[in-house]
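Residue numbers begin at 1 in each chain, while the letters A, B, ... track the order of the sequences.
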Number of protein chains: 2
Amino acid sequence: MPATAVSCLTLNRLSLYLRCLRQLQRRGVHRISSQEMARRFDLSASQIRKDLAQFGEFGIRGVGYDVDQLLARLRGLLGLDRPHNLVVVGLGHLGSAVARHFASNHRAFRVVGLFDNDPAKIGQELEGLAIRAIGEVAAVVAETAAEIGVLAVPADVAQEVYDRLVEAGIESVLNFAPVQLRQSPRVRCRTVDLRIYLEELVYFLESDGATSRALGKPGR
Amino acid sequence: MPATAVSCLTLNRLSLYLRCLRQLQRRGVHRISSQEMARRFDLSASQIRKDLAQFGEFGIRGVGYDVDQLLARLRGLLGLDRPHNLVVVGLGHLGSAVARHFASNHRAFRVVGLFDNDPAKIGQELEGLAIRAIGEVAAVVAETAAEIGVLAVPADVAQEVYDRLVEAGIESVLNFAPVQLRQSPRVRCRTVDLRIYLEELVYFLESDGATSRALGKPGR
DNA sequence: GATTGTGAATAGATTCACAGCT
DNA sequence: AGCTGTGAATCTATTCACAATC
C-alpha cells in the first residue's frame, strides 16, 4: 500500500512509536489507545493514528491497539525484522563509541567491519572485531553484504571516504562529519552534526532567557 | 527583530549555513551569492535568502553576501559569540566521546563538569577534567554557571538524572538516551537518538531497492 | 461508550516571481 | 545586469471533527 512516499518526519515518528511501544511492552501493557499513548509520551493522538493509517489498519475501533502486534508490524514496516550489516569508518573517539553503541543494544544491526587509516589502530580489536585498513573496505562490503556505512572521519577527508564507500557498493551512509557531502544519487546519506543540536539549544537559551534584551539588536 | 518565533527548521539551517560559510572562509572566498552557495552545498537559494531575511538585511543587492561579515552576524545571532558551559553526565563510551568531541573543536562550548555514578570512574580524568559523583552536580552548575547538560546515561535512569539537572539549575539538556523524557517547562530538552537515524536509512534501503517487492504486503 | 480511520480545515514551510537596490 | 528581499502561490504537515466500527 505505500504507493505514496512516506515523509521523513513520519518515518522518524514511527521509530519513536516503536521506542514507546517497547517501553510499554516491558511494563506489561498489552493494549493501548492513541490517546493514552499520547498522554504518556507527550505526543499527539491524531497524529499517531494518521501516521499508522498510512500503512494499514492496525487498531481495533472502540478498543485501541495491541501492543505486541503493533510492535511487530512496525518493525516489519521499518525493515527491522531482518538484520542489517554496518561498517564503521574512522575509529576516533566518536567512531569507536558509535561502533560500540550500535554493536551492543541492537539486534537489528550488526557491525561487520571497522576501518581506519591510522597504522597504530589497524590490527587492534574493538568488540571482538579487528580494525582494518580502509583499502580493504570494498572486499569486506562485498563479502558481508554490508548495507550501511557509518562515517566518523575528520571533516576534510569525509568526501573522499564517502566516495570510496559508494564505490565499494555500500547502499547508504550515516555521516557524523560536519560537512555537506556531494552525494551520489544511488547512495542516500544522512548527516548528523552533533554541534547543530547544541547550537539549537543555545539559541533558545538566549531567546527564552533574554526576551527583555531581544529588543536591542543582537548583532556583533 | 525576532518578534516572530523562529522555527527549529530555520534554526538548524542557520547552523548549516554557518558551517558552509566557515568552509568558504577557509578557502579564501570573500563574497558569495545565494545562488552560488546553493549550488556548492546543494541547498535552495530562495530559502537561504528567506532564512537570513528573518533577521535583517545582511546582503547587498546586485552583489551578494560578505562571507566574513555574514559569518560574524550569524554567530552573534545564534549566540555563539559568547562561550557556553556544559556538563556531561554519564561517561560510558558515548558520553566520553561526546565530551571529548565538544571539548576540542569548538570555541563556543566549554566542558566544565563530568559526572558519573560508577565509583571506578569517579576521580579519573578526561581531557584534564576530573570525573565527579553525580551528587556534586548542583554545586558545579552553580559555581560554573553551566547552561547545558549533556545526558548520556542509560535509558532507565535518564528521567531521574534529567530531573536532577533541572533541580541543579541547568537551563537546557541534550539527551542521548532513547527515551521520551517528561520535561520541565523551564528546561528545554533536545533528544538525539542515534538509532533513529539508522532506522531511517534502513527504511529507504527497503523502499528504494525493492520497489518491485513493495507491491506485495511487507508485513511480518 | 469508546476509539479508530479519514476527509475537511488549518497551520506551517517552501518555492516562485518580481519589485527594488547597487 | 545582477542579486537581494519579499509578497503571493504552492506545497506539505498537523489538527479537527465525525462517521464507521467494535
Side-chain angles (χ1 to χ4, degrees), chain A residues 1-17 20-21 24 29-71 73-74 77 200 203 217 219, chain B residues 1-17 20-21 24 29-71 73-74 77 200 203 217 219:
Chain A
M1 291 92 181
T4 331
V6 180
S7 91
C8 254
L9 291 166
T10 306
L11 202 55
N12 290 323
R13 279 194 303 266
L14 292 179
S15 288
L16 199 91
Y17 302 155
C20 297
L21 289 165
L24 290 170
V29 178
H30 289 115
R31 223 174 24 213
I32 192 148
S33 69
S34 57
Q35 281 128 95
E36 176 59 11
M37 195 158 152
R39 197 189 57 70
R40 289 216 202 187
F41 299 105
D42 199 24
L43 306 167
S44 140
S46 54
Q47 183 132 73
I48 293 172
R49 294 201 301 277
K50 192 141 257 178
D51 286 339
L52 297 176
Q54 275 185 69
F55 297 93
E57 309 211 347
F58 298 150
I60 302 167
R61 296 180 188 215
V63 178
Y65 300 90
D66 180 289
V67 173
D68 295 356
Q69 189 187 302
L70 184 53
L71 203 52
R73 296 288 223 116
L74 280 182
L77 231 119
E200 183 188 319
Y203 179 81
K217 234 196 187 130
Chain B
M1 290 113 184
T4 330
V6 179
S7 92
C8 256
L9 291 166
T10 306
L11 202 54
N12 291 170
R13 280 195 302 267
L14 291 180
S15 288
L16 198 93
Y17 302 155
C20 297
L21 289 165
L24 290 170
V29 178
H30 289 115
R31 222 166 34 205
I32 193 146
S33 70
S34 56
Q35 282 127 97
E36 176 60 11
M37 195 157 151
R39 196 189 59 71
R40 288 216 203 188
F41 299 105
D42 199 24
L43 306 167
S44 139
S46 54
Q47 182 134 73
I48 294 172
R49 295 203 299 279
K50 197 143 259 160
D51 286 339
L52 296 177
Q54 275 185 68
F55 297 93
E57 309 211 347
F58 298 149
I60 302 169
R61 296 180 187 214
V63 178
Y65 299 90
D66 180 290
V67 173
D68 295 358
Q69 189 186 302
L70 183 54
L71 203 53
R73 297 288 224 115
L74 279 181
L77 234 123
E200 184 188 320
Y203 179 81
K217 237 202 185 121

Inset, instruction - Let me know the distance between CG of A:L70 and C1' of C:dT4, rounded to the nearest Å. - result: 13 Å
Legend entry - Any side-chain heavy-atom pair of B:L14 and A:Y203 under 4.5 Å: no
Legend entry - Length of the line joining B:I48:CD1 and C:dT15:P, which is rounded to integer Å: 11 Å
Legend entry - Along DNA chain D, first and last positions that approach a heavy atom of chain B under 4.0 Å: D:dG2 to D:dA8
Inset, instruction - Any chance you could measure A:L24, atom CG, to A:L71, atom CG, to the nearest 0.5 Å? - result: 9.5 Å
Inset, instruction - Work out how much the helix from C:dG1-D:dC22 to C:dT22-D:dA1 bends between its end axes, five pairs an end, to the nearest 10 degrees. - result: 0°
Inset, instruction - Would you check if A:F41 and A:I48 make a side-chain contact, meaning some heavy-atom pair closer than 4.5 Å? - result: no
Inset, instruction - Name the closest nucleotide to the B:R49 side chain, picking from C:dT4, C:dT15, C:dC18. - result: C:dC18
Inset, instruction - Let me know the distance between CZ of A:R73 and P of C:dG5, rounded to the nearest Å. - result: 11 Å
Inset, instruction - Please tell me which of the listed nucleotides, C:dA13, C:dA19, C:dT15, lies nearest to the side chain of B:K50? - result: C:dT15
Inset, instruction - For a side chain to side chain contact (heavy atoms under 4.5 Å, CB included) with B:I32, tell me which candidate from B:Q35, B:H30, B:E36 qualifies. - result: B:E36
Inset, instruction - With rounding to the nearest 0.5 Å, note down the distance linking CZ in B:R73 to CG in B:D66. - result: 10.5 Å
Legend entry - Validation row: A:Y65, A:L52 side chains within 4.5 angstrom (heavy atoms): yes
Inset, instruction - Would you kindly give the CG-to-C1' distance between B:L11 and C:dA13, to the nearest whole Å? - result: 15 Å
Inset, instruction - Using a 4.0 Å heavy-atom cut-off across all strands, classify A:R13 as base, sugar-phosphate, or nothing. - result: sugar-phosphate
Legend entry - Intermediate values then yes/no, side-chain contact (heavy atoms from CB on, under 4.5 Å), A:C8 and B:E200: CA-CA 8 Å; A:C8 254; B:E200 184 188 320; 3.4 Å; yes
Inset, instruction - Tell me what B:T10 touches on the nucleic acid: a base, only sugar-phosphate, or nothing, going by heavy atoms under 4.0 Å. - result: nothing
Legend entry - Between C:dT15 (P) and B:L43 (CG): distance, integer Å: 11 Å
Legend entry - Proximal nucleotide (of C:dT4, C:dT6, C:dT15) relative to the A:S34 side chain: C:dT4
Inset, instruction - Rounded to the nearest angstrom, tell me the gap between atom CD in B:Q47 and atom P in C:dA17. - result: 17 Å
Inset, instruction - List the atom of B:D51, the atom of B:R13, and the distance in Å for their closest heavy-atom pair. - result: OD2-NE, 2.7 Å
Legend entry - Of A:L9 and B:I60, the one whose closest DNA chain D nucleotide lies more 5': B:I60
Inset, instruction - Starting from P on C:dG5, measure out to CG on A:D51 and report it in whole angstrom. - result: 12 Å
Inset, instruction - Any chance you could measure A:Q54, atom CD, to A:S7, atom OG, to the nearest 0.5 Å? - result: 7.0 Å
